[in-house]
Trainee: 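I'd like to ask you about the structure that follows.
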Amino acid sequence: MKKDYAPSAKKLVQALGGKDNITRVFHCMTRLRFYVKDRSKINEADIKKLPEISGVNWHQDQFQVIAGNEVNEMYAELVKMGVPNDDSDSSQKTAEKKSVGSAIIDSITGCMTPMIPALTAAGMIKVVLTLLTTFHLVNDTSSTYQVINFIGDAAFYFMPFLIAANAAKVFNVNQSLALIIAGVFLHPNFTAMIASGDPITFFSIPVTPTTYSYSVIPVILMVWIMSYIVKLVDRITPRIVKLILHPTLVILISAPIAIIAVGPLGGIIGDGLAVAIDFLSAKLGFIIVGILGAAFPFIVMTGMHHALTPIGLNAVATGGDTLIFVSQVCSNVAQGGASLAVAVKSKDQNMKQLASASGISALMGITEPALYGVTLKLKRPVVAAAIAAGIGGIVGGLLQVTLYIAQNCLLAVPAFIGEKGMTNFFYGLLMIAVSFVGAFVLTFIFGFKDEIEESTEETSAPKAEKTASETKPLVEKIQILSPADGTVKDITEVPDQTFADKVLGDGAAVIPENGRIYAPADGTVVNIMDTKHGIMFQTDQGVELLIHIGLETVNLKGKYFTSHVSNGSSVKAGDLLVEFDLDAIKKEGYNPITPVVVTNGDDYIRSVNMAKSGEKVQHGDCLLTIV
């Protein structure tokens with residue numbers, strides 16, 4: 001019977017002074033780490049009485065509650081209770097240093113990911129509509145076609161609204177104000193003014209006519225700018241009129257910036273892109289097809305791909321397209337191949353389903369679900385798809401593959417039949433095969449960080465308590481090898497009371513000389529923290545070990561750490577588990593001492609002996625002997 005952690009979590013919150021006293025909680029391998037408003041409200045005695053809690057510890061302003069192997073379950077219950085945390089309250093997160101590129105991608109995916117179900121549904125509806133017309137079950141002039149078409153098109157046409165709602169959460173802006181900006185972009189009157197072709201001005205300032213339906217970047221960029229406008233207005237608005245004046249000023253400042261500067265930026269860049277493509281096509285020849293194919297996912301992100309459509313349509317009308325739609329076919333098919341590879345390789349059932357549906361949708365020309373929900377989100381697959389599309393595009397450009405109908409997906413196959421005959425048809429099939437297979441294979445080669453659902457029973461569920469009859473006493477010596485090269489320290493010498501007092505169990509520690517951690521025995525990596533600083537390891541004989549790289553290194557959030565294993569990996573003694581930048585960690589002010597703790601000592605009748613404190617060891621030397 002599964003243990004219910006809710007009562008203990010409720011008592012823990014009460015002992016911490018209530019939910020209102022907690023500003024943030026996160027966890028590492030063994031500890032719940034709290035930040036509170038008022039320390040005096042904490043009842044440490046009541047917390048220590050909880051059966052799941054081994055002890056408590058203060059580290060500067062952080063209150064640590066030691067829950068050992070049950071930390072994941074306790075944390076999950078705290079999240080359910082609505083305690084501010086790293087999973088649900090972005091405003092409480094500690095700022096993490098990221099590269100500009102990573103920050104941009106994370107912001108875009110943060111805005112796009114919540115709308116993936118809508119995009120997936122819309123994409124699949126478009127696929128159904130394409131199949132209905134391809135097999136002549138529905139005429140494209142019928143009202144049935146029109147109804148299905150606008151149902152499938154709604155999520156894409158009104159994408160700025162969906163993005164604005166999500167961007168408001170990402171950038172901590174009032175959602176209603178963000179939606180108003182999307183409404184400004186898509187207001188029927190503004191759309192009609194643009195469609196009329198007449199000049200538009202705002203207090204004599206010219207407004208560049210640009211269509212914003214289907215666009216992505218203008219709304220994200222504008223909501224990000226709004227986050228700063230909100231702070232500025234908040235500082236200058238008198239408190240007595242803040243309720244009325246604050247939102248009014250935010251919109252009056254934001255809306256003109258949106259339609260005068262930020263919004264038209266995409267259109268201006270799009271026009272420049274068209275000129276650049278014409279120039280590059282003349283200079284680079286067939287290579288430009290590969291370049292455009294590789295770049296197309298990122299062009300879609302800006303919404304500027306619509307600027308290329310007239311170029312492609314003109315080419316089709318004058319004899320056949322060899323660039324725009326050809327490169328789009330390579331890109332879309334590659335997105336489909338990468339997504340389907342994720343569906344095959346991923347162990348996350350939710351990701352498998354999403355990647356499968358998105359992959360099929362991408363093959364049919366609707367790539368947004370695949371791009372934003374799978375490949376861009378997982379990062380490496382989007383690189384694999386871009387490379388494969390580039391290679392496919394070069395093949396298509398070299399063979400002068402021509403499309404005689406404006407088509408950008410797998411259904412473009414019939415569109416290869418035209419003046420060049422069946423040779424062009426087979427060349428087109430080859431181009432598609434290269435793009436799809438290349439993306440599929442490269443995704444497997446590059447790999448990706450799988451977003452496996454919260455711990456499975458095998459890896460993180462609390463183990464059933466063993467009865468005396470079930471516990472098998474050890475009648476032989478079991479050696480636990482040193483996981484690192486360095487100097488041995490007695491566990492009582494670790495400058496952290498949780499380890500020194502053996503709250504988590506007996507063991508030893510190593511001060512590492514380099515940044516490599518190896519398997520201490522033949523066994524299984526039960527759980528490795530997302531931050532890579534902590535490893536729960538079980539030997540083939542059943543000994544459970546905690547390898548904790550450095551003290552308080554959870555605060556680095558994975559920075560400087562590289563994992564070579566994943567949850568559930570079976571390894572041999574001496575296999576490399578984790579690499580880390582020892583010098584950088586020391587420079588950040590963290591102690592790299594690495595405790596190795598036997599966490600299931602009560603399961604067996606044994607004693608733990610260790611190499612002498614101060615002794616030098618190499619990885620593979622005996623560190624602990626369990627009798």
Side-chain angles (χ1 to χ4, degrees), residues 122 126 140-141 143 145-147 149-164 178-223 225-226 251-282 292 296 298-319 321 323-325 327-328 365 368 405-408:
K126 288 283 191 177
D140 59 10
T141 60
S143 59
Y145 175 92
Q146 298 299 328
V147 170
N149 187 51
F150 73 65
I151 292 173
D153 202 42
F156 298 107
Y157 184 87
F158 293 107
M159 191 182 294
F161 280 105
L162 301 178
I163 293 171
L179 288 169
I180 288 177
I181 293 301
V184 169
F185 279 136
L186 295 180
H187 195 284
N189 290 353
F190 185 41
T191 304
M193 292 170 71
I194 293 171
S196 70
D198 296 332
I200 306 172
T201 61
F202 182 81
F203 287 105
S204 300
I205 302 173
V207 175
T208 304
T210 305
T211 301
Y212 297 106
S213 55
Y214 303 92
S215 65
V216 174
I217 296 300
V219 180
I220 295 177
L221 184 58
M222 193 58 234
V223 176
I225 293 172
M226 280 184 72
I251 294 300
L252 285 178
I253 295 172
S254 300
I257 293 175
I259 62 175
I260 293 172
V262 175
L265 185 62
I268 293 170
I269 297 175
D271 292 340
L273 182 63
V275 173
I277 286 174
D278 285 339
F279 174 78
L280 292 174
S281 183
L292 191 57
F296 216 81
F298 310 103
I299 296 174
V300 168
M301 286 165 52
T302 68
M304 293 186 298
H305 56 297
H306 296 292
L308 304 179
T309 301
I311 303 173
L313 290 174
N314 182 67
V316 169
T318 55
D321 172 63
L323 176 59
I324 304 302
F325 293 118
S327 61
Q328 288 184 27
E368 282 85 354
I405 300 173
Q407 188 58 269
N408 64 354

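Counting from 1, the numbers follow the sequence of the chain as shown.
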Trainee: Could you give the distance from CZ (Phe161) to CD1 (Ile180), rounded to the nearest 0.5 Å?
Mentor: 10.0 Å

Trainee: Assess whether side-chain contact (heavy atoms from CB on, under 4.5 Å) is satisfied between Ile251 and Val184, documenting all intermediate values.
Mentor: CA-CA 10 Å; Ile251 294 300; Val184 169; 5.9 Å; no

Trainee: For residues Ala164 and Val223, report the shortest heavy-atom separation together with the two atoms involved.
Mentor: CA-CG2, 4.4 Å

Trainee: For the atom pair CD1 (Ile225) and CE (Met222), what is the distance rounded to the nearest 0.5 Å?
Mentor: 5.0 Å

Trainee: On a heavy-atom basis, which atom in Ala155 and which in Leu162 lie closest, and how many Å separate them?
Mentor: O-CD1, 4.0 Å

Trainee: How long is the span from the CD atom in Gln146 to the CG atom in Asp153, to the nearest 0.5 Å?
Mentor: 11.0 Å

Trainee: Can you list the steps and then say if Val219 with Ile181 is a side-chain contact (heavy atoms from CB on, under 4.5 Å)?
Mentor: CA-CA 8 Å; Val219 180; Ile181 293 301; 5.7 Å; no

Trainee: Considering non-hydrogen atoms only, spot the tightest contact between Gly263 and Thr210 and give its length.
Mentor: O-CG2, 4.3 Å

Trainee: What pairs with Thr141 under side chain to side chain donor-acceptor pair (under 3.5 Å), at least two apart in sequence or on another chain?
Mentor: Asn139

Trainee: For a quick test of reading the model, state the closest non-hydrogen atom pair linking Val262 to Pro218 and the distance between them.
Mentor: CG1-O, 3.7 Å

Trainee: Measure the OH-CG distance between Tyr145 and Asp140 for me, rounded to the nearest 0.5 Å.
Mentor: 5.5 Å

Trainee: So which heavy atom on Ser254 is nearest to which on Met226, and how close?
Mentor: OG-CG, 3.3 Å

Trainee: Which atoms form the tightest heavy-atom contact between Pro206 and Ile260, and what is the distance?
Mentor: O-CG2, 4.3 Å

Trainee: Name every donor-acceptor pair, under 3.5 Å, that has one atom in a side chain of residues 188-205 and the other anywhere in the protein, sequence neighbours excluded.
Mentor:
unit_1	atom_1	unit_2	atom_2	d
Thr191	OG1	His187	O	3.0
Ser196	OG	Met193	O	2.7
Ser196	OG	Asp198	N	3.3

